[in-house]
Amino acid sequence: MTGSCRLHISVWSSRRKATCRKTFRGQRQGQGHRRRISPSGSSHLARLPLLSVSHHSLFFKALQFFMCHICCSRLRCPPLRLPPVFVLLSLQDAFEVLAENYEFSEMEGPCLAFRRAASVLKSLPSAVESLRAAQDLPCLGEHTKAVMEEILRCGRSFEVEKILSDERFQTLKLFTSVFGVGPKTAEKWHRRGLRSFSEVLAEPSIHLNRMQQSGFLHYGDISRAVSKAEARAVGNIIDEAVRAITPDAMLTLTGGFRRGKEFGHDVDLIVTAAEPGREQNLLSEIIDSLKKQGILLFCEYQASTFDTTKLPSHRFEAMDHFAKCFLILRLEGSRVDEGLHSAEGDSRNWRAVRVDLVSPPADHFAFTLLGWTGSRQFERDLRRFARLERRMLLDNHALFDKTKKEFLTATTEKDIFDHLGLEYIEPWQRNA
DNA sequence: CGGCAT
DNA sequence: CGTA
DNA sequence: GCCG
């Protein structure tokens with residue numbers, strides 16, 4: 001029954017959250033600023049894994065910019081202890097902090113529980129202002145209600161503030177904010193005594209992989225929000241590249257922007273070719289085009305591993321086997337209607353943007369669209385509902401009925417909701 | 001007490 | 001392990 | 001941590 005409850009609740013709209021995390025981060029940067037070290041030491045530059053020698057000066061320039069403007073170094077400083085701060089957190093933000101902390105402690109259960117609690121509150125039409133209002137909500141138990149009571153009563157939570165002021169939490173949060181660095185890597189670096197980006201970059205024994213190199217190189221840009229206008233501009237760039245290859249291809253904006261969000265952390269696009277089998281090479285041709293235009297800053301391409309010949313025995317797996325790529329693109333300001341969403345003091349007329357492309361065969365488009373529209377929590381709830389309530393397996397490719405032992409076909413998202421016996425849920429209602 | 005998306 |  |  002959990003699944004149906006959650007899905008029912010997530011039908012309502014979302015609300016925007018408070019600004020405390022920003023305040024918190026701002027303060028941290030403030031401290032970092034005062035303690036900033038000179039980025040001049042070249043010892044670490046000599047052994048930085050580079051894309052190629054010719055990129056060296058470019059990398060150096062970018063790294064200097066990065067060290068000066070973004071990286072809040074705490075080199076040779078004692079572990080950071082924030083002075084007592086009055087941290088005003090929304091209930092959702094408080095639960096997200098708790099979830100994140102459990103994630104860093106590798107306690108997936110409690111982590112998920114707090115994510116669900118945050119999601120439930122997010123799905124409500126208005127903010128919860130009393131414990132009574134939360135009485136009948138699912139996914140809220142003893143612990144979450146205790147935190148709620150504290151915050152509703154005095155606007156803050158001892159437990160949450162303890163986490164926010166914890167040096168380990170702050171460092172893991174900082175490290176995982178780099179594209180390509182997850183909880184395990186962050187934990188590894190922290191265990192080795194590293195506490196700042198400059199310490200990581202100066203450590204000779206650390207070999208950053210390609211993704212992490214790009215993550216650091218473009219850190220300032222890709223950790224800044226992408227505006228809807230920028231997403232449209234990226235869409236246009238991909239669209240131009242695609243129609244030069246096949247005029248009958250179709251491009252669909254998905255991810256957070258399809259859910260109606262004004263800002264996102266990346267741009268997700270689905271590319272479909274009318275001609276069956278054409279999708280196999282479509283992405284690599286698009287990548288070639290972007291490369292020729294000189295706007296491809298990073299590319300991880302994963303060719304399709306999808307095999308229709310062994311579909312029935314085919315395992316349901318984590319990420320999809322359709323051709324896809326994770327990109328970082330150079331977006332020129334001149335291409336964005338409302339101008340670039342850039343940081344103050346940044347005189348460049350371009351910024352880097354994270355872009356994901358996926359190219360499914362036309363007959364699997366609906367599943368890919370549903371899977372890539374999110375939100376993350378919505379996808380988990382939907383798949384859990386499918387398995388537990390309907391004995392069906394749902395992923396980015398298909399829906400399998402375990403009772404009938406057959407795949408259910410769909411040309412629209414509506415078809416999939418029908419198969420699951422659910423009312424259609426609009427993308428903007430899937431934010432929680 | 002087991003499951004938690006794939 | 002990272003990515004969605 | 002919450003639910004079945």
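Below, all heavy atoms of this structure are taken into account, side chains as well, without hydrogens, waters or symmetry copies. Residue numbering restarts at 1 for every chain, and letters A, B, ... go by the order of the sequence lines.
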Mind calculating the distance between [atom1] ([X]) and [atom2] ([N]) to the nearest angstrom?
X	N	atom1	atom2	answer
A/Leu208	C/dT3	CG	P	13 Å
A/Leu420	B/dA5	CG	C1'	13 Å
A/Met392	B/dT6	CE	C1'	17 Å
A/Leu399	B/dA5	CG	P	17 Å
A/Leu388	B/dT6	CG	P	8 Å
A/Phe326	C/dT3	CZ	P	9 Å
A/Tyr102	D/dG1	OH	P	4 Å
A/Arg376	C/dG2	CZ	C1'	13 Å

So what does [X] touch, heavy atoms closer than 4.0 Å: a base, only the sugar-phosphate, or nothing?
X	result
A/Gly109	base
A/Val358	nothing
A/Glu108	nothing
A/Leu98	nothing

Next item on the list: Using the P atom on both, measure B/dC4 against C/dA4 and round to a whole Å.
Entry: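 23 Å, rounded to whole Å.
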
Notebook entry, point to check: When the P atoms of B/dA5 and D/dC3 are considered, how many whole Å apart are they?
Noted result: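 Here B/dA5 and D/dC3 have their P atoms 15 Å from each other.
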
Notebook entry, point to check: Looking only at heavy atoms, which two atoms of A/Lys173 and A/Phe104 are closest? And how far apart?
Noted result: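 Closest pair (atom of A/Lys173, atom of A/Phe104, distance): N-CZ, 3.8 Å.
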
Checklist line | Exercise: identify the closest heavy-atom pair between A/Leu194 and A/Ile206 | finding: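 Looks like CD1-CD1, 3.3 Å.
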
Does OP1 or OP2 of [N] have a side-chain N or O of [X] closer than 4.0 Å?
X	N	answer
A/Arg354	C/dT3	no
A/Arg383	B/dA5	no
A/His397	B/dT6	no

Notebook entry, point to check: Does atom NZ of A/Lys402 have more than 12 heavy-atom neighbours from other groups under 6.0 Å away?
Noted result: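 Counting neighbours around NZ of A/Lys402, more than 12 heavy atoms of other residues, nucleotides or ligands fall under 6.0 Å, so yes.
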
Taking only the side-chain heavy atoms of [X] (C-beta and beyond), determine which of [options] contains the nearest atom.
X	options	answer
A/Arg116	D/dG1, C/dC1, C/dA4	D/dG1
A/Arg384	B/dC4, C/dG2, D/dC2	B/dC4
A/Gln302	C/dT3, B/dC4, C/dG2	C/dG2
A/His143	C/dA4, D/dG1, B/dT6	D/dG1
A/Thr144	B/dT6, D/dC2, C/dA4	D/dC2
A/Pro183	C/dA4, D/dG1, C/dG2	C/dG2
A/Asp395	C/dT3, B/dA5, B/dT6	B/dT6
A/Leu112	B/dA5, C/dA4, C/dG2	B/dA5

So, [X] and [Y]: side-chain donor and acceptor under 3.5 Å apart, yes or no?
X	Y	value
A/Lys324	A/Gln302	yes
A/Gln293	A/Ser289	yes
A/Ser157	A/Glu159	no

Note to self: Only pairs with both distances under 3.5 Å count, Watson-Crick or wobble alike; so what is the partner of B/dA5 in this structure?
What the structure shows: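 No nucleotide pairs with B/dA5.
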
